[in-house]
Amino acid sequence: MATMVNFHAHPDDEAIATSGTMMKAADEGHRVVLVVATKGEQGEPVPGALSPGETLGERRAAETLEAAKIIGAHRVEFLGYEDSGMAGEGSNNNPASFWQADFDEAVERLARILAEESADVLTVYDDHGGYGHPDHIQVHRVGVGAARKAGVERVFYATMNRTQILRQMAEVESFAEAMEDIDVEGAERIRDEEFGTEEADITHAVDVSAYLERKRVAMLAHASQITADSFFGTMTDEQFADAFGTEWFVAPGPPRTGDFATDLFG
């Protein structure tokens, strides 16, 4: 069996983006490792979510460990940086933030884990971090550099299928309304091609429909950010399956010809 390392920026990113692929890999007997760059200190906690004296970073780290148990991850590591916040925010300038991290040092931290694990597969984000978040962009940069340093040849960029999302927004009125409710600016970015990847440029489509119930439970384990009455929690099973039943990846190299590949280990 092989080892897959999944590198993410913040707690809950793993549950949303790649948890189905991680569950599938673990169930098939592969070793699954989760590395998170930050503890998501710049997130917005649900009112009343934190205990007296508890920091958001502490809570989100604990939620990550709980989600990892649901996913079936064998190891969880935090890379030790602070959340940089959204693009353009003052927190981007925090010297302890991941965005301001010394590149070579960050590469070494991740490469050390890859070497310890003799990683066969590494997942990061696409080169614009899916939607331009500084920490997501940095995950791509650092991840690619660490893979090169540690000699990991199979690297995949987790992304979102922008073509599919636009199709759903056009065909399903409730889906479009939900996207607008979450973030009007975000919905506009999707239409302006600043979100995810065109379907033609995606190489791998991993069917995670068998893991959707666990995937939603893993998301809800991040209770300081995602609640049962949130967008993710209130989607019908059919809507959730349409949105999250496939996890999308890009393998660097020649463009895809023919059908999507379906296995990151093949």
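Only this structure's heavy atoms are used, side chains among them; waters, hydrogens and symmetry mates stay out. Please read all numbers here as calculations on a predicted model, not as lab measurements.
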Taking all heavy atoms of [X] and all of [Y], pick out the closest pair and write down the distance.
| X | Y | value |
| --- | --- | --- |
| D263 | H204 | O-CD2, 3.8 Å |
| A67 | A218 | CB-O, 3.8 Å |
| A150 | A111 | CB-O, 4.0 Å |
| P11 | T38 | CD-O, 3.4 Å |
| I165 | M160 | CD1-CB, 4.2 Å |
| N94 | S97 | O-OG, 2.7 Å |

SB check [X] [Y] (cutoff 4.0 Å):
| X | Y | result |
| --- | --- | --- |
| R141 | D127 | no |
| R60 | E41 | no |
| E247 | K215 | yes |

Contact between [X] and [Y] at the side-chain level, heavy atoms closer than 4.5 Å - yes or no?
| X | Y | value |
| --- | --- | --- |
| I137 | W99 | yes |
| V121 | V5 | no |
| M4 | R31 | no |
| Y157 | V124 | yes |
| L264 | T123 | yes |
| E63 | S224 | yes |
| T246 | V208 | no |
| S51 | R59 | yes |

Please list all pairs meeting ring-ring contact (aromatic ring centres under 6.0 Å, His included) that have one or both residues in [range], counting only residues at least two apart or in different chains.
| range | result |
| --- | --- |
| residues 40-66 | none |
| residues 247-266 | H30-F265, W248-F260 |
| residues 53-84 | Y81-F98 |

[Y] reachable from [X] in the ILVMFWY side-chain graph, under 4.5 Å edges:
| X | Y | answer |
| --- | --- | --- |
| M86 | L56 | no |
| V76 | L79 | no |
| V152 | V33 | yes |
| V142 | V144 | yes |
| V36 | I113 | no |

Donor-acceptor pair, side chain of [X] and main chain of [Y], under 3.5 angstrom:
| X | Y | value |
| --- | --- | --- |
| E28 | A25 | no |
| E89 | S84 | no |
| D201 | T197 | no |
| T203 | A251 | yes |
| D12 | I226 | no |

Go through the structure and list residues passing salt bridge (Lys or Arg N to Asp or Glu O under 4.0 Å) with [X], not counting sequence neighbours.
| X | answer |
| --- | --- |
| D27 | R214 |
| E58 | none |
| R154 | none |
| E66 | none |

Looking at D102, I'd like to know if its CG atom is crowded, meaning that more than 12 non-hydrogen atoms belonging to other residues, nucleotides or ligands lie closer than 6.0 Å. yes

Taking ring-ring contact (aromatic ring centres under 6.0 Å, His included) as the definition, give me every residue that meets it alongside [X], ordered by chain and number, with sequence neighbours left out.
| X | result |
| --- | --- |
| H222 | none |
| F240 | F244 |
| Y211 | none |
| H133 | H10, H136 |

For the pair V35 and N6, evaluate side chain to side chain contact (heavy atoms under 4.5 Å, CB included) and give the outcome as yes or no after the intermediate values. CA-CA 6 Å; V35 180; N6 303 269; over 6 Å; no

Partner of H8 under side chain to side chain donor-acceptor pair (under 3.5 Å), chosen from T64, T18, D135: T18

Polar side chain donor-acceptor pair, T163 to E198, under 3.5 angstrom: yes

Pair E199, R167 - check salt bridge (Lys or Arg N to Asp or Glu O under 4.0 Å), show working. CA-CA 11 Å; E199 190 168 277; R167 188 163 55 236; 3.4 Å; yes

Got a sec, which pairs hit salt bridge (Lys or Arg N to Asp or Glu O under 4.0 Å) with one end in residues 107-116, sequence neighbours left out? R75-E116, E105-R109, E108-R112, E108-K149

For side chain to side chain contact (heavy atoms under 4.5 Å, CB included), just list the numbers for H128 and H140, CA-CA rounded to whole Å, side-chain angles, deciding distance to a tenth of an Å, and then say yes or no. CA-CA 8 Å; H128 60 284; H140 174 86; over 6 Å; no

Rounded to the nearest 0.5 Å, the CD atom of E153 sits from the CZ atom of R148 at a distance of 12.5 Å

What is the distance from atom CG of L34 to atom CD of E77, rounded to the nearest 0.5 Å? 9.5 Å

Would you sort out whether S19 and E14 count as a side chain to side chain contact (heavy atoms under 4.5 Å, CB included), showing the intermediate values? CA-CA 6 Å; S19 62; E14 85 294 337; 5.6 Å; no

Side chain to side chain contact (heavy atoms under 4.5 Å, CB included) between D126 and V250: does it pass, once the steps are laid out? CA-CA 7 Å; D126 56 40; V250 177; 5.7 Å; no

